[in-house]
Amino acid sequence: MSEPKHVVVIGAGPGGYPAAFYAADLGLRVTLIDPEENPGGTCLFRGCIPSKALLHVSSLLHEAREAQHWGVKLGEPQVDLDRLREWKDEVVENLTAGTGGLGKKRGVTHLRGMAQFTSSNSVDVDLVEGGKERVDFDYAILATGSRSVMIPGVPEGAEDRIWDSTKALELERVPRSLLVIGGGVIGLELGSVYSALGSQVSVVEMLPGLIPGADRDLVRVLEGTLKDRFKEILVKTKVAGMRKVRGGIEATLQAEDGSERVERYDRVLVSVGRRPNSENLGIENTHAQVDARGFVRVNQRMATSDPTLYAIGDLVGQPMLAHKATAEAKVAVEAILGQKGAAFDPACIPAVVYTDPEVAWCGLTETEAKEQQRNVKVVRFPWQASGRALAMARPDGMTKLIIDIETERVLGMGVVGKGAGELIAEGALAVEMAALASDLARTIHPHPTVSETVMEAAEVFYGHATHFFTPRKRK
Ligand code: FAD
Ligand code: NAI
């Protein structure tokens, strides 16, 4: 029997470690290279997981404050920041110790260090413990992820007051005032955390609305809540300059019409996007190509222009999401094994903003349907009519479906509301399986759950949702 091929996976985030595990499961010899002791990458160590642990606590704080309306007096909750930080770190440690164990069980060799290509068949690894090691391979999967973009104009000596998401997640302190630059996913999730912990949060977003990419009607529901919780939300606004002042930062906020205002904040969180980690990888020593924005170019099989190199995850482009990276990982491994059908061609990639309420969408959005002049009907089911939403005191939600009028196929779904991130998986399945609205309408959903809003939204399409009145059209 011939020796199994050796695959080197560079980077152990939600792209790299699932690639390494899957390759090992399918019988390949695997070396996973990453500086951390255990697999996890940005997502598990500095992204998805710690942020969701803190968002869980934020939601608890809000519920405790709300409880008086339901006859429960808990008083103003007290936060022990040291214990909260410790708990968040424990969540990360537990999970990453688990991924480490799973790698070992599969026989994946984990090399701690930073890899650099010396050719299309070898990397030099700068080992964390010191020294260098050369590793030869048959195939490599690049999964080095991305890092935060910093805006220009950070005043000298003020670096500790101008945070990126990693710094904000360290939870060093709760600033009295926090300016969030960028009203996207990170800004709103971490802004929500700090607001719940007691910071006065202001958000500036250069575009006309928050979370570009999501339908406006979904975002409006979230905005309704955030307007109460944040000090202010300024759209069509940029930070034109920053100055270090006693204990904080003075920022010049510039509106689109050119008007300016100067405000002082204790800390600033910059969340204006992320860029791929494609530098210092020695890519120039291979035949792989990088585009003008730094993304490694790949085809549908996740193959670069170098026959031995594959690339996945944040490194290859938008959307920069953990589940997209993992799905691409599977394709890359199957392509390496020569499986003919291997291709990254999803019908949809769900997106979730884990704010309170959550915003989630998948497939075709209403905005895209309008831009593309698609023949669709958009149906909405308001959560005010959901027994479960009312019983949770969370009627601030909506479920919508974008349905092709001719074929009745579900092309997209959008949800805003508590737990929207869990609900969207049903929409993703429907879109991926080319389900019809009648499939959703006729699937018996458990009562009382907010999942019934998906079924009833589909019934709205036919004009007979039990809890939503649709006037009959005159013949
Ligand atoms: P990464 O997770 O970035 O992993 C890359 C790994 O490669 C890192 O460990 C890095 O150290 C290592 N590396 C880099 N260069 C080298 C080298 N030369 N040699 C060896 N190793 C190297 N996405 C979601 O889907 N849901 C969320 O809720 C979510 N929340 C987020 C919250 C925050 C605050 C942030 C910052 C991101 C969040 N994301 C979320 C995005 C998600 O983290 C990324 O999409 C995902 O981690 C990308 O996975 P990846 O494997 O491509 O890269
Ligand atoms: P983002 O792209 O989501 O949002 C950045 C926002 O900043 C945009 O609205 C943009 O218009 C705005 N902006 C850019 N430059 C600006 C400026 N100079 N002044 C004011 N506003 C400016 O990027 P973000 O929030 O940094 O997150 C990066 C990526 O991480 C996301 O795109 C997502 O892929 C991933 N992520 C995913 C999460 C999830 O799935 N729940 C959570 C957190 C991050």
Side-chain angles (χ1 to χ4, degrees), residues 8-19 32-36 38-52 54-55 111-117 123-126 128 141-149 151-153 164-166 168-169 180-191 193 203-214 234-240 253-254 269-283 311-316 318-326 328-329 349-355 358-360 421:
V8 159
V9 180
I10 304 170
Y17 82 80
L32 178 60
I33 306 170
D34 188 278
E36 297 283 350
N38 284 313
T42 304
C43 180
L44 276 63
F45 286 104
R46 301 172 291 278
C48 326
I49 300 305
S51 61
K52 266 78 249 180
L54 296 179
L55 280 158
L111 213 51
R112 286 190 70 187
M114 294 293 277
Q116 213 171 29
F117 289 100
V123 282
D124 271 349
V125 185
D126 258 323
V128 169
I141 300 177
L142 283 81
T144 51
S146 64
R147 62 185 185 283
S148 305
V149 169
I151 53 168
D164 60 10
S165 56
T166 304
L169 283 169
V180 174
I181 307 180
V185 200
I186 293 184
L188 298 188
E189 287 189 359
L190 295 182
V193 167
V203 177
V204 292
E205 164 59 50
M206 68 178 186
L207 295 177
L210 303 175
I211 323 179
L234 301 167
V235 293
K236 297 189 194 170
T237 305
K238 273 195 200 173
V239 171
L253 312 182
Q254 188 182 59
L269 166 63
V270 178
S271 46
V272 295
R274 294 176 65 80
R275 74 159 59 106
N277 289 327
S278 52
E279 300 98 347
N280 309 320
L281 261 178
I283 290 186
I312 57 176
D314 285 6
L315 183 64
V316 301
Q318 300 286 352
M320 292 189 176
L321 296 172
H323 40 284
K324 187 213 72 161
T326 303
E328 290 176 341
I349 302 171
V352 182
V353 188
Y354 295 86
T355 38
E358 292 178 351
V359 181

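Each residue takes its place number in the sequence, starting with 1. Order of appearance sets the numbers: ligands from 1, and atoms from 1 within every ligand.
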(Q) Check contact between Arg147 and ligand 1, using heavy atoms of the residue and a distance below 4.0 angstrom. (A) no
Q.
Just to check, does Val185 reach to within less than 4.0 Å of ligand 2 when the distance is taken from its heavy atoms?
A. yes
Q. Which bit of Tyr354 gets closer than 4.0 Å to ligand 1, counting heavy atoms only: side chain, backbone, both or neither?
A. side chain
(Q) Please work out, at 4.0 Å between heavy atoms, whether the side chain, the backbone, both, or neither of Gln318 comes within that distance of ligand 2. (A) neither
**Q.** Contact partition for Asn280 relative to ligand 1, non-hydrogen atoms under 4.0 Å
**A.** neither
Q. Between Val352 and ligand 2, which residue portion shows a heavy-atom distance shorter than 4.0 Å: side chain, backbone, both, or neither?
A. backbone
Q. Of the backbone atoms (N, CA, C, O) and the side-chain heavy atoms from C-beta on, which set of Ser51 has a member under 4.0 Å from an atom of ligand 2: side chain, backbone, both, or neither?
A. neither
**Q.** Donor-acceptor contact below 3.5 Å, side chain Thr144 vs main chain Asn277
**A.** yes
Q. Taking atom 52 (O) of ligand 1 as the point of reference, which of Thr326, Ile33, Val316, Asp314 owns the nearest heavy atom?
A. Asp314
(Q) Among all protein heavy atoms in this structure, tell me which lies nearest to atom 43 (C) of ligand 2, with the distance rounded to 0.1 Å. (A) Ile186 CG1, 3.3 Å
(Q) Polar contacts were defined as any N/O atom of the residue lying under 3.5 Å from an N/O atom of the ligand; does this apply to Met114 and ligand 1? (A) no
(Q) In this structure, does ligand 1 have an atom that sits under 4.0 Å from one of the heavy atoms of Pro319? (A) no
Q: Take every heavy atom of His323, measure it against each atom of ligand 1, and state whether any distance is under 4.0 Å.
A: yes
Q) Taking the non-hydrogen atoms of Pro319, is any one of them nearer than 4.0 angstrom to ligand 2? A) no
Q. Does even one non-hydrogen atom of Lys324 get within less than 4.0 Å of ligand 1?
A. no
Q | Distance flag for atom 21 (N) of ligand 2, protein heavy atom under 4.0 Å | A | yes
Q) What are the atoms of ligand 1, with element, lying closer than 4.0 Å to any heavy atom of Gly313? A) 52 (O)
Q. Which protein heavy atom lies closest to atom 4 (O) of ligand 2, and at what distance to 0.1 Å?
A. Gly184 CA, 3.3 Å
Q: For ligand 1, note which part of Ile186 has a heavy atom under 4.0 Å away: side chain, backbone, both or neither.
A: side chain
Q. What is the nearest protein non-hydrogen atom to atom 12 (C) of ligand 2, stated with its residue, atom name and distance?
A. Glu205 OE1, 3.2 Å
(Q) If the threshold is 4.0 Å, N to carboxylate O, is there a salt bridge linking Lys236 and Glu205? (A) no
Q. Any heavy atom of Gln116 sitting closer than 4.0 Å to ligand 1?
A. no
Q | Nearest-option assignment for atom 39 (N) of ligand 1, heavy atoms, candidates Cys48, Gly47, Pro350 | A | Cys48
Q) Quick one: does Ser271's side chain have a donor or acceptor within less than 3.5 Å of a partner on Gly182's backbone? A) yes
Q.
Show the atoms of ligand 2 that are less than 4.0 angstrom away from any heavy atom in Leu207.
A. 11 (O)
**Q.** Whether Thr237 side chain and Val235 backbone form a donor-acceptor pair below 3.5 Å
**A.** yes
